[in-house]
Amino acid sequence: MGLLVVGGTLFRVWQVARDDDRGPADVVIVLGAAQYNGRPSAVLEARLEHTAQLYADGVADRVLTVGGSRAGDVYTEAEAGRNWLVDRGVPEAAIVPVGEGSDTLGSVRAAAEEAERQGWRSAVIVSDPWHSLRAVTMARDAGLDASASPTRRGPIVQTRERQARYIIRETAALLHYRATHAPVAVDAQTGLG
């Protein structure tokens, strides 16, 4: 039975990673990742590029950037994301930064709280492909009608070996979340937690 649960979860992580929901939504939520003095990491930049395209394509007329900061940071991940998007032509008035969350669960809950304050019900979540199922699951648990539009660029999708490693990591993280409704430890390389 355990093998069926793990195998089924692994298949769903892989399957959802291949989907790309660009249906209309109230807001596009881009999950944060590391930033360096306001400059997005390669992982965050790939997510932001994808978000800018979703905004340009009219998926939503609002973007919510989310993610906190570490001790000593001048910028939050949300601020770095907002600044990057504004520099690429997304109107500042269309972006709501939520500078909270040091892991996926904290970020998703902060985003859902802001969405509720704004009266937004539906959201397209932007993250990495293998992270999409867990992020959407958490967002739905937080009350959002959520779907995923994962990025197809960035360091997490560069090689088959790296993809396999993240599929396995996200399978374990999703099973952990479903059993405990608690966050997992943050990966130092990607910021995924």
Side-chain angles (χ1 to χ4, degrees), residues 1-23 25-34 43-44 46-47 50-51 54 60 64-68 70 77-78 98-117 120-152 154-157 160-193:
M1 186 64 146
L3 286 175
L4 284 174
V5 169
V6 172
T9 302
L10 187 137
F11 176 76
R12 285 291 295 147
V13 167
W14 175 83
Q15 184 182 42
V16 171
R18 301 176 64 81
D19 291 341
D20 187 0
D21 189 341
R22 292 174 179 247
D26 295 329
V27 63
V28 173
I29 298 173
V30 58
L31 295 179
V43 171
L44 181 53
R47 294 176 186 180
H50 189 72
T51 299
L54 292 175
L64 195 150
T65 59
V66 66
R70 296 184 188 263
E77 294 167 359
V98 177
E100 296 178 43
S102 60
D103 55 52
T104 303
L105 185 58
S107 294
V108 167
R109 286 179 175 165
E113 288 171 10
E114 182 62 30
E116 185 176 347
R117 277 192 291 278
W120 301 328
R121 302 277 179 254
S122 60
V124 172
I125 308 262
V126 175
S127 190
D128 308 303
W130 326 114
H131 189 222
S132 294
L133 179 59
R134 183 163 58 103
V136 167
T137 299
M138 290 175 170
R140 288 177 180 165
D141 286 353
L144 286 170
D145 176 13
S147 60
S149 181
T151 182
R152 302 289 179 217
I156 291 177
V157 296
R160 295 273 185 217
E161 179 182 303
R162 185 168 276 177
Q163 291 175 20
R165 185 169 57 117
Y166 281 105
I167 290 170
I168 292 167
R169 182 196 187 284
E170 282 302 315
T171 298
L174 180 58
L175 290 169
H176 170 80
Y177 170 73
R178 285 186 173 156
T180 66
H181 289 286
V184 296
V186 175
D187 183 309
Q189 286 183 313
T190 66
L192 289 177

Rounded distance (nearest 0.5 Å) linking atom [atom1] of [X] with atom [atom2] of [Y]:
X: Arg134; Y: Thr104; atom1: CZ; atom2: OG1; result: 4.0 Å
X: Asp128; Y: Glu170; atom1: CG; atom2: CD; result: 8.5 Å
X: His131; Y: Thr151; atom1: NE2; atom2: OG1; result: 13.5 Å
X: Arg178; Y: Met138; atom1: CZ; atom2: CE; result: 10.5 Å
X: Glu100; Y: Glu113; atom1: CD; atom2: CD; result: 7.0 Å
X: Thr137; Y: Leu174; atom1: OG1; atom2: CG; result: 5.0 Å

(message) Counting neighbours of CZ on Arg117 that are heavy atoms of other residues, nucleotides or ligands and sit closer than 6.0 Å, is the number greater than 12?
(response) yes

(request) Using atom types as modelled and distance alone, determine if a side-chain donor or acceptor of Asp21 lies under 3.5 Å from a backbone N or O of Ala148. (result) no

(request) Verify, without hydrogens or angle tests, whether Asp26 (side chain) and Arg121 (backbone) share a donor-acceptor contact under 3.5 angstrom. (result) yes

Determine the minimum heavy-atom distance between [X] and [Y], stating which atoms define it.
X: Ser122; Y: Ala25; answer: OG-CA, 3.4 Å
X: Ala78; Y: Val98; answer: CB-O, 3.3 Å
X: Ser107; Y: Gly67; answer: OG-CA, 4.2 Å
X: Ser132; Y: Pro150; answer: OG-CB, 3.4 Å

(request) Consider only side-chain N and O atoms of Ser149 and Asp20, and report whether a donor and an acceptor are under 3.5 Å apart. (result) yes

Test item: [X] and [Y] side chains (from C-beta on) under 4.5 Å apart, heavy atoms:
X: Leu31; Y: Ile125; value: yes
X: Ile29; Y: Leu144; value: yes
X: His50; Y: Arg47; value: no
X: Leu64; Y: Trp120; value: yes
X: Arg22; Y: Val124; value: no

Distance-only criterion, 3.5 Å: show the donor-acceptor pairs between side-chain atoms of residues 4-18 and protein atoms not counting sequence neighbours.
residue, atom, partner, partner atom, Å
Thr9, OG1, Val5, O, 2.8
Arg12, NH1, Gln15, OE1, 2.5

